[in-house]
Amino acid sequence: MMSIYFIINKFYPIIPFDMPYFDDDGNELFPDLYPKPKLCLKCHWDLHPGEEILCNLTRMDQLDGVEFKCASFEPRKGQNGLWKLN
């Protein structure tokens with residue numbers, strides 16, 4: 001059974017993503033090994049499984065940068081920004 005999460009009056013199905021990430025040279029990347037920027041910890045989309053790919057790619061793209069910037073950032077709303085409906 002697929003769980004459905006209610007976020008800001010929208011329904012999103014949970015789609016598991018188990019495929020690896022690779023850079024342009026074919027090296028496998030492991031996003032769990034890199035620390036999350038503080039901005040991500042305050043973001044509404046941090047807990048949203050449907051945005052995991054975009055968030056990981058954004059973070060890995062800016063690993064060498066001094067200041068982390070994300071165009072998708074939205075401050076967290078409600079209790080952790082995520083409500084599960086059965």
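Because the structure is predicted, anything quoted here is derived from the model rather than measured.
Identified under the side chain to side chain donor-acceptor pair (under 3.5 Å) test for residues 29-41, with sequence neighbours left out: Lys36-Asp46.
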Contacts table for residues 57-67: side-chain donor-acceptor under 3.5 angstrom, sequence neighbours left out:
| residue | atom | partner | partner atom | Å |
| --- | --- | --- | --- | --- |
| Thr58 | OG1 | Leu54 | O | 2.8 |
| Arg59 | NH2 | Asn56 | OD1 | 2.8 |
| Gln62 | OE1 | Lys69 | N | 2.9 |
| Gln62 | NE2 | Lys69 | O | 2.5 |

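Scanning both residues, Pro20 and Glu28, for their nearest heavy atoms gives CB-OE2, 3.1 Å. Contact between Cys43 and Ser72 at its shortest, heavy atoms only, is SG-O, 4.4 Å.
Cluster partners of Phe73, using a side-chain heavy-atom cutoff of under 4.5 Å among ILVMFWY residues and allowing indirect links, are Leu39, Phe68. Grouped with Phe22 in a hydrophobic cluster is no other residue, since no side-chain heavy-atom contact under 4.5 Å to another Ile, Leu, Val, Met, Phe, Trp or Tyr is found.
Here Lys42 pairs with nothing under the side-chain hydrogen bond (donor to acceptor under 3.5 Å, both in side chains) rule; sequence neighbours left out. Taking Asp25 as the reference, nothing meets the side-chain hydrogen bond (donor to acceptor under 3.5 Å, both in side chains) condition, with sequence neighbours excluded.
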